[in-house]
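First the structure, in the form of structure tokens, and then the observations on it.
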Amino acid sequence: ADLDGGAAYHPRPMFQEYSTYTAGLIAANFAFMESDDAPDTVLLAPGSIDNRYPSLSEGPLWPVLLRRYADAGLAGPLGHLDGEVDVLVLRRRDSDAVVTLGQEEPVTARFGVPLALPDAGAPLVAKIDLPLSATGWMLSVLHQTPTVRITVALADGTRHTHRLIPDIARAGFVLSPYMPDAATARQLFSSRGGGGGEHRVTEIQVDVPDLIHWAFADRISVSIRTVR
């Protein structure tokens, strides 16, 4: 399909990011963006519905985007779920950039207990696994997975609470820096060597409502990698 201005519309298999929240759909989009069929241009606007953590919008695709695409500036405002927003324009590179993921650093966290993050001087990609209990698994079969929240503390002293989608969190996403808009996402593409400045995440805390703690196992598995 062609858009106004003559641009060809070439969407990924699941083009609505907020509907891509199961392992199979995430894998399909990942394979597409790694293939020769990946689009020449991507319009990126972090954020989603339901107050989700902003960078969950692309989940495990972030390292792929960093490797295969270059910053081509901001555009907008354009229509978005939250009204009109600027978008980051990404152009596919002639050859992939070198993007190095550091060694995974596994840690164990608990619900309601803050977890300090290292000041690694680089963006951080995280995988957060929230194992379900037997009862929680039965609820998930009925598409009634309990709501999970993540609160992040930033280097500038602010705190932000968002919804965490378990399957996306398990697949991986950029945890730090905190990227609520296209302008902050652009900094990730222009200076991966930085740690995010005032948007660097210094601490996280994962919570579920007290009455449904029984839906999850006691411990949360977190693995963190740097991106350079």
Show the atom names and distances, to 0.1 Å, of all donor-acceptor pairs under 3.5 Å that link a side chain in residues 70-77 to residues at least two apart or in another chain.
from : atom 1 : to   : atom 2 : distance (Å)
D71  : OD1    : G73  : N      : 2.7
D71  : OD1    : R186 : NE     : 3.2
D71  : OD2    : R186 : NE     : 2.7

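The ring pair (Phe, Tyr, Trp, His ring centres under 6.0 Å) analysis of residues 92-132, with sequence neighbours excluded, yields the pairs F111-H213, F111-F216.
In this structure, CG on N51 lies 8.0 Å from OG1 on T161, to the nearest 0.5 angstrom. Remark: L88 CG to T184 OG1 distance equals 9.5 Å, nearest 0.5 Å. Note that CD1 of I220 and OG1 of T108 are 9.5 Å apart. Values are rounded to the nearest 0.5 Å.
A donor-acceptor pair is defined here as one N or O able to donate and one able to accept, closer than 3.5 Å; such a pair exists between the side chain of T202 and the backbone of A153.
Note: F173 and Y53 have perpendicular aromatic rings, judged against thresholds of 30 and 60 degrees for the angle between ring planes.
Applying the side chain to side chain donor-acceptor pair (under 3.5 Å) criterion to R68, with sequence neighbours excluded, gives no partner residue. With sequence neighbours excluded, the residues forming a side chain to side chain donor-acceptor pair (under 3.5 Å) with T158 are D156, H160, listed by chain and number. Y69 is linked by a ring-ring contact (aromatic ring centres under 6.0 Å, His included) to nothing, counting only residues two or more places apart in sequence or in another chain. By the side chain to side chain donor-acceptor pair (under 3.5 Å) test, D50 is found to be paired with R163, residues two or more places apart in sequence or in another chain being considered.
For the pair D119 and R200, the salt-bridge criterion is met [side-chain N within less than 4.0 Å of a carboxylate O].
With 3.5 Å as the limit, one finds a donor-acceptor pair spanning the side chains of T41 and R91.
Between L44 and E58, the shortest heavy-atom contact is CD1-CG, 3.5 Å.
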